[in-house]
Amino acid sequence: IESGKTEMEIKKVALISFTEEVIKELEPLLKQKELKTEIITKEKELPEVDYDASMLRQIVTNLLSNSIRYTNDKGTIQVIIEKTPGSVVYSVKDDGIGIPENQRSKIFGKFFRAENAVSKVPDGSGLGLSLVKSLVELNKGTIWFETPANWVDKAGKEVKKGTVFHFTIPLSAEQNKK
């Protein structure tokens, strides 16, 4: 990726069915921790996006795997897909351990792992989020996160915290009309 010699194979991707496939692949890990997953979208129908499917699989798998690793047993992971003017915002939200405030600026750095992540799950290279950022940017998107990601109940009371990673998938003018 860094050499700029990465070849891309752009295809039409239906995000909901694509996400369902990735979640199905991660099912053993989800069951082991008894995690609940939800796919949420406000749109009745999302446009197919033009993306390198293998790169998108790496991005989504990495974000979901991180959520699985750093969410306590019986937690919740949501994938939220929203169409906005010019792009689709794809978000992975968990009610896990979050990212300490003093380490947030380093989260996309190579070989970086937050202290609370290392203590919860000692193994890991610290390359996953750096790779995700590179792949998102290679596909002309942006990535950011929020932590804590507040979870509120129906009465508006905060019930738990976690992290949400968002990335954009640019839409063509034709896709933007749908």
Side-chain angles (χ1 to χ4, degrees), residues 1-11 13 15 18-30 32-33 35 37 39 49-72 75-82 84 86-150 161-171:
I1 292 171
E2 287 181 355
S3 71
K5 296 178 182 175
T6 305
E7 291 195 27
M8 296 171 64
E9 190 177 331
I10 305 299
K11 295 181 177 180
V13 179
L15 289 173
F18 176 87
T19 302
E20 290 169 343
E21 287 174 26
V22 175
I23 289 172
K24 189 167 179 63
E25 291 169 10
L26 296 170
E27 190 85 22
L29 297 172
L30 292 161
Q32 183 179 3
K33 292 183 78 173
L35 299 176
T37 58
I39 299 173
V49 297
D50 297 323
Y51 218 89
D52 181 297
S54 66
M55 289 183 188
L56 186 59
R57 185 169 299 281
Q58 283 186 288
I59 294 165
V60 172
T61 300
N62 187 286
L63 293 176
L64 283 169
S65 294
N66 281 353
S67 286
I68 292 167
R69 291 175 93 183
Y70 303 118
T71 297
N72 293 324
T76 302
I77 299 170
Q78 294 178 332
V79 175
I80 304 144
I81 306 170
E82 297 179 272
T84 63
S87 67
V88 169
V89 177
Y90 192 108
S91 305
V92 177
K93 180 179 181 181
D94 63 52
D95 58 357
I97 62 174
I99 301 165
E101 190 169 346
N102 66 342
Q103 297 176 357
R104 294 176 188 164
S105 64
K106 302 173 190 171
I107 205 68
F108 292 111
K110 287 184 193 168
F111 305 109
F112 178 77
R113 294 187 68 218
E115 291 168 5
N116 61 340
V118 172
S119 64
K120 182 162 180 69
V121 182
D123 63 320
S125 66
L127 288 172
L129 289 173
S130 175
L131 172 65
V132 164
K133 185 176 192 293
S134 295
L135 292 173
V136 167
E137 291 174 350
L138 188 62
N139 283 276
K140 304 197 179 351
T142 55
I143 186 166
W144 70 100
F145 67 93
E146 297 171 60
T147 188
N150 296 324
K161 296 183 188 306
T163 303
V164 57
F165 279 87
H166 310 275
F167 69 96
T168 59
I169 300 171
L171 295 174

Taken to the nearest 0.5 Å, the spacing of F145 CZ from H166 NE2 works out to 10.5 Å
Measure the spacing between NZ of K140 and OH of Y51 and express it to the nearest 0.5 Å. 11.0 Å
Taking it one step at a time, do F167 and L63 satisfy side chain to side chain contact (heavy atoms under 4.5 Å, CB included)? CA-CA 10 Å; F167 69 96; L63 293 176; 4.0 Å; yes
Can you establish whether the number of heavy atoms outside E27 located under 6.0 Å from its atom CD is more than 12? yes
Apply side chain to side chain contact (heavy atoms under 4.5 Å, CB included) to the pair V136 and L138, showing each step before the final yes or no. CA-CA 5 Å; V136 167; L138 188 62; over 6 Å; no
Show, in sequence, the C-alpha distance, side-chain angles and deciding distance for L131 and I59, and conclude whether the side chain to side chain contact (heavy atoms under 4.5 Å, CB included) test is met. CA-CA 8 Å; L131 172 65; I59 294 165; over 6 Å; no
Within-4.5 Å side-chain heavy-atom neighbours: T163 and V92: no
Just wondering, do D52 and L135 contact through their side chains at under 4.5 Å, heavy atoms? no
Evaluate the side-chain hydrogen bond (donor to acceptor under 3.5 Å, both in side chains) criterion for residues T168 and S87: first the C-alpha distance (whole Å), next the side-chain angles of each, then the deciding distance (0.1 Å), finally the verdict. CA-CA 6 Å; T168 59; S87 67; 5.3 Å; no
At what distance, to the nearest 0.5 angstrom, does CG of N66 lie from CD1 of I77? 10.0 Å
How far does CD1 of I143 sit from OH of Y90, to the nearest 0.5 angstrom? 12.0 Å
Would K93 and E146 count as a salt bridge (charged side-chain N to carboxylate O under 4.0 Å, His left out) if you check the C-alpha gap in whole Å, the side-chain angles of each, and the deciding distance to 0.1 Å? CA-CA 9 Å; K93 180 179 181 181; E146 297 171 60; over 6 Å; no
Do E20 and K24 meet the salt-bridge criterion of a basic N to acidic O distance under 4.0 Å? no
